[in-house]
> 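There's a structure below that I have some questions on.
Order of the sequence lines fixes the chain letters, A, B, ..., with proteins taken first and strands second; residue numbering starts at 1 for each chain. Computed from heavy atoms alone, side chains included, the values below leave out hydrogens, waters and symmetry copies.
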Amino acid sequence: MSLYEQYPISIYNSLEKEKQVFKPIHEGRVGMYVCGPTVYSDVHLGNVRTFVSFDIIFRYLKFLGYKVRYVRNITDVGHLVGDADEGEDKIAKKARLEELEPMEVVQKYTNGFHDVMQLFNNIPPSIEPTATGHIVEQIEFVQKIIDNGYAYEKDGNVYFDVRRFGQDHEYGELSGRNIDEMLSNTRALSGQDQKNDPLDFALWKKAEGGHLMRWPSPWGEGFPGWHLECSVMSTKYLGETFDIHGGGMDLKFPHHEAEIAQNKGCCHKGGANYWIHGNMLTVNGRKMAKSEGNGFTPEQLLTGDHKLLERGYSAMTVRFFMLMSHYASTLDFSNEALQAAEKGYKRLMASVNLLEKLAKPGTASIDKAKTQELGDIVDKAMKDLSDDFNTAKAIANLFELSTKINTYYQQPSELAVIDPEVFEQVIERFKGIIFDVLGLRNEAEAAQDGKTLDSVMQVLIELRKQAKFSKNYALSDKIRDDLKAAGIQLKDEKGGEMSYTIN
RNA sequence: GGCGCUGUGGCCGAGUGGCUAGGCAGAGGUCUGCAAAACCUUGUACAGCGGUUCGAAUCCGCUCAGCGCCUCCA
């Protein structure tokens with residue numbers, strides 16, 4: 001029996017607005033599309049949260065044994081800064097400001113995005129397609145929508161005909177909107193607007209004189225509309241119908257709604273079966289956003305060089321902080337919360353490091369109840385993860401396990417009564433969840449890599465032992481205190497042994 | 001105005017109609033030469049008001065407060 005059968009996943013499907021048992025289209029395989037970033041500026045922590053959320057989903061699906069194709073796009077055609085029919089392309093604007101070619105801007109921030117993803121230990125997607133790399137496909141897609149009668153061309157622009165579409169399909173099912181209500185709420189734009197209807201959105205835009213990013217099309221030189229690439233690339237790489245589509249909550253409308261309409265307008269199918277929306281990272285209850293000026297870059301996060309940051313935090317601390325809440329809840333950023341997460345993360349890692357120092361289990365007669373209890377904890381953590389990827393709940397169980405491990409270390413008699421086989425499985429799963437699913441890295445261990453440092457530490461430990469033995473506490477304390485000042489914590493253990501951790 | 005979400009103990013943050021979330025901080029204890037760490041114990045929590053129910057923080061209604069989307073946004 002595969003793990004995914006043992007721990008069936010349920011997902012809160014934004015489209016149906018209910019939690020549903022996840023059933024992939026093809027047994028054992030999952031296709032997932034996630035809306036990626038527009039690469040015209042540095043990503044901030046809020047952006048990172050969404051990608052961490054989907055990284056967990058990707059990792060967990062794989063952990064359960066699914067073969068996953070994870071597609072996450074790079075939006076490298078700038079959406080317009082101004083309203084629907086005017087304004088400069090964001091990337092072009094940035095290019096002008098930084099005196100770069102648009103594609104230099106794209107490359108720069110794509111690289112930056114990748115660095116950040118790596119910093120937070122996100123696994124790269126299986127395919128990372130760009131909008132500019134799929135102009136031909138996008139043109140074909142638009143043509144199909146026109147052929148189906150759901151779009152019209154006007155002076156080099158092509159618009160999606162929402163009203164016409166609404167006659168045959170439901171429009172607004174994802175975001176809970178309906179066409180008539182929306183219309184009554186839409187402020188009529190001035191006569192410059194070429195759309196037949198304010199609700200219509202652009203599939204293809206005519207490139208005006210100075211527009212830098214432009215491609216030839218049946219409707220003249222132009223560039224693709226804002227929502228098109230996701231429909232096109234998800235269809236190309238995952239098919240007309242696929243399993244999961246994800247993105248940030250703020251993309252629900254109009255982006256995802258338009259995407260569904262485009263998919264149906266082209267292929268008569270709505271794309272994904274399950275829609276997953278990650279919630280926002282907030283600061284003092286407000287969405288972290290560039291326009292709010294309350295975002296910061298990863299470098300600032302690490303160094304603490306930002307007015308919101310009391311000090312720096314490691315990437316894994318931040319990742320752990322994010323995982324301590326559910327992806328669909330808003331998460332409020334604060335220094336206090338981050339510091340709490342940091343301690344929690346270190347606590348968890350400390351118990352992981354303790355594993356190799358543990359005595360052998362099963363050296364006394366086996367206590368079935370205690371063995372069972374241990375096994376149940378890790379089993380619960382798996383069920384938590386299968387319950388809409390509830391990392392917060394799973395981590396609570398990991399802490400339970402952490403306490404157990406610490407106890408086993410201090411009281412080997414507790415470990416002696418545990419069935420070795422079960423113990424082995426529990427530990428393997430415990431580590432699997434921490435490193436493979438949650439994608440945490442053992443930062444202290446990495447810092448400890450140097451063998452030289454370890455030998456030096458052994459010398460110091462030996463000195464301190466001798467000082468203690470001769471009751472020269474002034475010296476033994478000095479060794480400990482000076483090391484602490486240098487960022488290394490010495491710990492006296494039972495039986496006179498000592499260990500150290502690097503902070 | 002429309003659509004949707006949230007309000008949990010000092011802080012962060014899960015949550016199911018009846019059974020301990022968890023982390024951080026605090027208090028007491030064990031251990032220790034002293035620490036640190038760890039372990040054990042400890043907290044009148046569920047915005048307010050009604051209603052449904054044998055029983056609700058969990059379901060329904062109203063009120064209050066806050067947030068998101070409706071323009072690009074993870």
> Which part of the nucleic acid, if any, lies within contact of Leu281(A), taking any heavy atom under 4.0 Å across all strands shown: a base, the sugar-phosphate backbone alone, or nothing?
base
> Has Gln410(A) got a side-chain atom pairing as donor or acceptor with Thr407(A)'s backbone, closer than 3.5 angstrom?
no
> Indicate yes or no for a side-chain donor-acceptor contact from Ser402(A) to the backbone of Leu398(A) under 3.5 Å, with no hydrogens or angles considered.
no
> More than 12 heavy atoms of other residues, nucleotides or ligands under 6.0 Å from NZ of Lys383(A): yes or no?
no
> I'd like the P distance from rG22(B) over to rA74(B), given in whole Å.
37 Å
> Is the Lys NZ or Arg CZ of Arg441(A) less than 6.0 Å from the centre of Phe435(A)'s six-membered ring, within 45° of the axis?
no
> Considering only the P atoms, how many Å lie between rU30(B) and rG48(B), rounded to the nearest integer?
40 Å
> What nucleic acid atoms does Met249(A) come within less than 4.0 Å of, heavy atoms only: base, sugar-phosphate, or nothing?
nothing
> Which of the following nucleotides, rA74(B), rA36(B), rG15(B), is nearest to the side chain of Gln489(A)?
rA36(B)
> Is the side chain of Gln262(A) donor-acceptor paired with the backbone N or O of His227(A) at a distance under 3.5 Å, no angle test?
yes
> Taking the same atom, P, in rC34(B) and in rA47(B), what whole-Å distance lies between them?
46 Å
> Have a look at Ser499(A) and say if it touches a base, only the backbone sugar-phosphate, or nothing, with a 4.0 Å heavy-atom cut-off.
nothing
> For Tyr327(A) and Ser53(A), which heavy atoms make the closest approach, and how far apart are they?
CB-OG, 3.5 Å
> Would you indicate which nucleotide in rG13(B), rA38(B), rC3(B) comes nearest to any side-chain atom of Glu181(A)?
rC3(B)
> Kindly indicate whether the side chain of Asp384(A) and the base of rG22(B) share any N or O donor-acceptor pair separated by less than 3.5 Å?
no
> Under a cut-off of 3.5 Å for both distances of each Watson-Crick or G-U pair, what dot-bracket string does RNA chain B give, using [ ] for crossing pairs and | for inter-strand pairs?
(((((((..(((.....[...))).(((((.......)))))....(((((..]....))))))))))))....
> Decide yes or no, distance alone: a donor-acceptor N/O pair under 3.5 angstrom between the base of rA36(B) and the side-chain of Arg480(A).
no
> Please work out if Ala337(A) contacts a base, only the sugar-phosphate, or nothing of the nucleic acid, heavy-atom cut-off 4.0 Å.
sugar-phosphate
> Can you tell which of rC34(B), rC39(B), rG15(B) lies closest to the side chain of Asn390(A)?
rG15(B)
> Check every strand shown and say whether Glu400(A) touches a base, only sugar-phosphate, or nothing at a heavy-atom separation below 4.0 Å.
sugar-phosphate
> P atom, rG4(B) versus rA25(B): distance in rounded Å?
41 Å
> Take atom P in rU52(B) and the same atom in rG61(B), then report the distance between them in whole Å.
15 Å
> Is Glu336(A) touching bases, backbone alone, or none of the nucleic acid, heavy atoms closer than 4.0 Å?
sugar-phosphate
> Determine whether any donor atom in the side chain of Lys287(A) lies under 3.5 Å from an acceptor atom in the base of rC73(B), or the reverse, and answer yes or no.
yes
> In plain terms, say whether Asp387(A) and Lys19(A) are close enough for a salt bridge, that is, a side-chain N and a carboxylate O under 4.0 Å apart.
yes
> Answer yes or no: side-chain N or O of Asn335(A) and base N or O of rC12(B) forming a donor-acceptor pair under 3.5 Å.
no
> Quantified in whole Å, what is the C1' atom distance between nucleotide rA21(B) and nucleotide rC31(B)?
29 Å
> Under 4.0 Å, counting only non-hydrogen atoms across every strand here, what does Tyr473(A) touch: a base, just sugar-phosphate, or nothing?
base
> Select base, sugar-phosphate, or nothing to describe what Asp477(A) touches, counting heavy atoms under 4.0 Å on all strands.
base
> Describe, in one word, how the ring planes of Tyr345(A) and Phe320(A) are oriented to each other, choosing from parallel (under 30°), tilted (30 to 60°) and perpendicular (over 60°).
tilted
> If you only use heavy atoms from C-beta on, which nucleotide in rG33(B), rG15(B), rC72(B) is closest to the side chain of Lys393(A)?
rG15(B)
